[in-house]
Structure formats: C-alpha cells, structure tokens
Amino acid sequence: SGSYYGKDATAVVRSIQKELIEDFENGVKKYNYLKLFEMSLADYATLLHEIMIHRQRYNSFEDMKDEVRAEVSKKIIKQREEAKHNLRTVSYLLETALYNAGRGQEILSTEKYQYLLAYANWLVVLGDNADMCYFTEDEVYVEVSGEYIIDVESQREAGHHFGEELAQRMYDNPGHFERDYSADEQYFEKAKQAFEIDSGVPLETFFTLMYYLETGGKIGSELFYRGNAFCFWKEDIIDDYCSVQNVSKSVAEKALQLLCINATKLKSKNNVEDFYLPIGEKEKRCDRYEVKPVYEYDDMVIYSPAVIHYLRDYWQNSLFEFHMPYEIGMPATKNILIAWKRVYEKKIVFDLEKVFKDNGFNVRPNFELMNLDKKKYPQYLGDYDLFAVDLKTKEIWIIECKFIEKVETFYEMYRQQKRFFKEDKCDEKFQRRINFLNENYKEVIKDLKLPTAEYKIKPYMCVNKVFVSRYKEIAFPILSYQEMVEEIVK
C-alpha cells in the first residue's frame with residue numbers, strides 16, 4: 001500500500017496486473033474459445049461501425065443554432081470516445097481468447113460474457129495507467145490501499161483541460177493539410193514498390209483482397225454467417241479470389257497470410273514476448289487483431305467484413321499520413337514514408353509563407369539572423385522557420401513549424417511527448433529565439449531596413465495536428481495548421 005510515482009508506480013501496477021491477468025486467463029480458458037471469439041467479434045464489428053458512423057454524424061449538422069450544435073457535438077464526441085474505449089476492451093477479450101485457445105466446455109452465458117468484458121476493461125485501464133506513470137511523475141500517480149484497491153490520482157490543476165476541450169479541438173481539426181499531389185503520386189508509387197519488397201505482395205493485390213473479403217468473399221459457399229462473421233473453407237476463398245482478380249495462387253496465399261493472425265504472438269512486441277498484451281505499443285505489434293483480423297481454424301478462415309473494411313481504410317489513410325499500422329518487417333516501406341514526410345515538413349513552411357503574403361505581411365522563410373550580420377547575431381540560435389512583420393499593426397510574428405507523427409495510444413502519445421519536450425527540447429530551443437528577439441528586435445528591424453517602431457512579438461509553434469504539452473508549461477501557443485491559418489487571417 002502507499003503512493004507511487006513514475007516508474008515505481010508502473011512496476012507496482014504491473015505486479016498487480018500480472019496476478020489479475022493470470023486469474024482472468026484462467027477464467028477465459030473455462031469456455032469454448034470459438035464461442036467466446038464469435039461473441040466478442042460480433043461486438044467488435046458493431047463498435048467499429050459505431051465509431052465510423054459517429055465520425056460522419058459529427059460533420060453532418062449544418063443548419064443549427066450555435067448552442068444546439070455545440071450540445072449535439074459534445075454528445076457525439078462522448079458517444080464516439082466511449083465506443084473507442086469499449087472497442088479496446090472487446091479487443092482485449094478477443095485477443096485473450098485467441099491466445100488461450102483451448103477446449104473449454106463450460107457454457108458461456110450472456111451474463112458471464114459481460115463479466116469477462118468488465119474484467120477486460122479493468123485490465124485495459126490498468127495497462128493505460130501503467131503507461132502514463134512510466135513516462136511522467138507530474139501528471140498522475142498511483143495510490144494503492146491495503147486491500148489492493150488501485151486509484152490513479154491526477155496532479156493537474158483544475159485549469160488544465162485535457163478532456164472535453166482537447167477532444168473538441170481534435171474533432172474540429174482532424175489534421176488535414178494542403179496536399180502536394182505531384183509528390184503524393186511520386187511517393188505512393190515508391191511506397192507500393194517498397195511494400196512489395198517487404199511483404200512479397202503487390203500493394204494493389206493486398207487492397208483488392210481486402211475489398212473482396214469485405215464485400216462478402218464467395219457468398220453462397222460460406223460455412224456459416226452470423227454476428228457479422230463469415231466462415232469459409234480457406235481453399236474456396238483463395239480459388240475464387242484468384243479467378244475473380246486473375247492473381248496467381250501463390251501471391252493470393254501470401255496476401256491472405258498478411259491478414260491472418262498468429263495467435264501465439266499476440267503478447268509479443270518487437271518479436272519479444274511478455275506476460276501481458278502490450279496494447280499501448282501498436283507500431284511494434286505486427287500481430288494484433290486490428291491489423292490481422294482473419295483467423296485460421298483448421299482449413300477454415302473466420303472474419304468480419306466490417307473489420308476488413310476498417311482495415312483497408314486504415315492502411316490507405318495511414319500511408320498518406322506517413323505511418324503504418326505496424327512497422328515490424330516493413331523497413332523499406334518505413335524509409336519511403338520518412339522521406340515522404342520530409343516533403344511536407346518543408347511544405348508547411350512555404351504554405352504558411354503564402355498565407356502571410358496574401359494577408360499583407362513582410363515575410364521571410366527559414367530566416368537566420370546571422371546572415372544579416374555574423375558578428376552581431378549568434379549562430380547557436382538557428383533559424384526562424386517564418387519571420388513575418390505586419391507594418392500596419394507593428395507586430396512581428398515568429399513561427400516554429402513542426403511535423404509530428406500520428407499516435408494512437410497513451411503509450412505512444414507519452415513517448416512522443418517525452419521525446420519532443422524532454423529529450424529534443426524543441427520548445428526550449430524556440431524559446432531561446434523568442435527571448436533573443438524580444439531583447440534585440442530593434443536591431444533586427446533596422447538591419448532589415450524596415451520602419452523602426454515599438455513592435456509586439458507574437459510567437460507561435462505550428463504543427464500538422466492538434467498538439468498540447470503535458471510535461472511543462474509553454475509560454476507560446478501551439479496551433480494546428482488550420483488554427484494557425486485562422487489566426488493569421490482573422
């Protein structure tokens with residue numbers, strides 16, 4: 001019992017979690033795992049559908065009063081976020097059932113299924129808490145009672161709104177940015193080639209197989225269809241797909257194998273197994289149901305069309321956002337996406353430069369003070385990504401542009417936060433440039449041959465998505481690209 005912080009808290013939670021997981025898995029093993037898999041897969045598919053529908057609903061209300069729309073939006077966000085959490089819970093139960101595949105005989109009633117879901121939810125929340133504590137001692141800590149009751153306590157002040165306010169910003173700013181269609185076409189072709197090198201399967205074949213499965217496969221020859229799950233003979237699927245798409249059998253088999261879950265590796269990350277499902281580290285788990293949703297049972301395959309549809313969208317969207325559903329075994333594709341992302345890291349600067357120019361600013365991209373006078377200005381400052389002067393309002397806008405990868409779990413988010421704010425110290429480097437300009441802007445304005453006056457310094461960090469600092473207080477706004485554009489033009 002007691003209060004625990006940081007990695008000590010993680011160790012305590014993991015030790016308790018280990019006993020709970022053993023108890024949970026012993027309970028799961030009592031039941032016929034195929035029945036449990038079927039029930040959880042039905043819920044999994046339903047929740048995926050809810051999540052996609054709620055996202056569409058959010059953007060579908062137009063002719064409403066502002067206060068009504070705000071209330072409706074708030075409810076939709078709440079419903080969608082609950083569905084996303086419930087999906088993780090069902091996924092945990094589903095993966096546990098597959099990992100512990102046995103021949104349990106006890107009848108699985110609805111009541112017992114709900115009990116297992118509640119237990120899975122507890123383990124998911126514990127895993128999230130362990131991840132949060134591992135990366136920070138400032139935001140949360142763990143309180144354990146003598147009865148092994150675990151409470152996670154927040155150390156944030158009441159003014160820090162990382163809940164509804166942040167969710168609203170994220171839903172209103174989904175992370176879109178101006179596309180370079182020529183670069184997209186060029187790098188997508190490279191990504192297709194790299195994917196085939198990594199997997200031995202053409203990317204188009206991979207996508208067409210998913211489309212074939214999500215539209216029902218060889219409808220009419222299914223062994224059963226219930227709860228949004230199909231079961232086919234594997235050979236029937238391969239033969240029919242080959243005839244429809246004119247694909248060789250060996251390539252079709254490889255493509256299907258990319259979708260088939262290896263249940264023995266569900267607890268592995270980077271090919272190293274642990275005692276728990278590492279649900280927080282998606283990129284390092286190539287065997288998780290979300291990305292390999294076809295289950296092989298003897299000579300049969302079982303899958304949900306709704307889940308395959310989601311996965312096809314997931315792959316397509318991920319590639320154009322410069323990341324993958326997983327990275328293990330995909331080095332060539334990963335390298336192409338890194339190079340593709342660099343194009344947009346540069347582009348975001350020049351897109352904002354155009355916005356500033358269109359709004360009457362005197363603007364300089366990638367501006368280094370030392371180029372004005374090497375003796376007067378220090379080299380260590382680096383460059384201002386954008387240095388824009390509004391001569392009418394006597395304001396100097398300095399913009400630091402960053403392009404940040406998408407993250408999907410607490411673990412990935414906190415790891416990104418630690419790298420950005422504690423290891424790379426991106427905010428502190430920018431703050432040095434802000435401080436120097438506050439003290440020396442009159443000299444800079446004079447050297448730029450602009451009208452001398454009292455100017456106000458307006459610093460911003462602009463990123464490609466909604467992003468906040470959880471580790472420290474930041475003295476300047478961090479805005480998404482869309483928010484930055486709105487700030488300039490208003």
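Keep in mind that what you see is a predicted model, and the values were worked out from it rather than measured. Values reported hereafter were calculated over all heavy atoms of this structure, with side chains retained and with hydrogens, waters and symmetry mates removed.
Put simply, the residue from Glu81, His54, Arg55 that forms a side chain to side chain donor-acceptor pair (under 3.5 Å) with Tyr171 is Glu81. A salt bridge (Lys or Arg N to Asp or Glu O under 4.0 Å) with Glu95 is found for one member of Arg288, Lys292, Arg285, Lys267 and no other, namely Arg285. Among the candidates Leu209, Leu256, Thr205, the single residue satisfying the side chain to side chain contact (heavy atoms under 4.5 Å, CB included) test with Val251 is Thr205. The salt bridge (Lys or Arg N to Asp or Glu O under 4.0 Å) with Glu405 is formed by just one residue from the set Arg415, Lys341, Arg419, Lys465; it is Lys341.
Residues passing the side chain to side chain donor-acceptor pair (under 3.5 Å) test with Glu189, sequence neighbours excluded: Lys192. In this view, Cys286 and Tyr326, Ile328 satisfy the side chain to side chain contact (heavy atoms under 4.5 Å, CB included) rule, not counting sequence neighbours.
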(request) Verify side chain to side chain donor-acceptor pair (under 3.5 Å) between His49 and Asn228, making sure each step is shown before the conclusion. (result) CA-CA 11 Å; His49 181 70; Asn228 201 259; over 6 Å; no

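In this structure, Phe322 has its ring center closer than 6.0 angstrom to the ring center of Tyr344. Ring centroid separation for the pair Phe320 and Trp315 does not come in under the 6.0 Å cut-off. For Phe467 and Phe421, the distance between ring centers is under 6.0 angstrom. When ring centroids are compared, Tyr314 and Tyr310 come within the 6.0 Å threshold. In this structure, Tyr31 has its ring center no closer than 6.0 Å to that of Tyr113. Checked against the 6.0 Å centroid criterion, the rings of Tyr295 and Phe37 qualify as a close aromatic pair. Checked against the 6.0 Å centroid criterion, the rings of Tyr44 and Tyr289 qualify as a close aromatic pair.
Remark: Lys7 qualifies as a cation-pi partner of Tyr134 under the 6.0 Å distance and 45° angle criteria applied to the six-membered ring. Judged by the 6.0 Å distance and 45° axis criteria, Arg226 is positioned over the aromatic ring of Phe224.
Atom NZ of Lys346 has 12 or fewer heavy atoms from other residues, nucleotides or ligands within 6.0 Å.
Using a 4.0 Å cut-off between charged nitrogen and carboxylate oxygen, Glu290 and Lys282 count as a salt-bridge pair.
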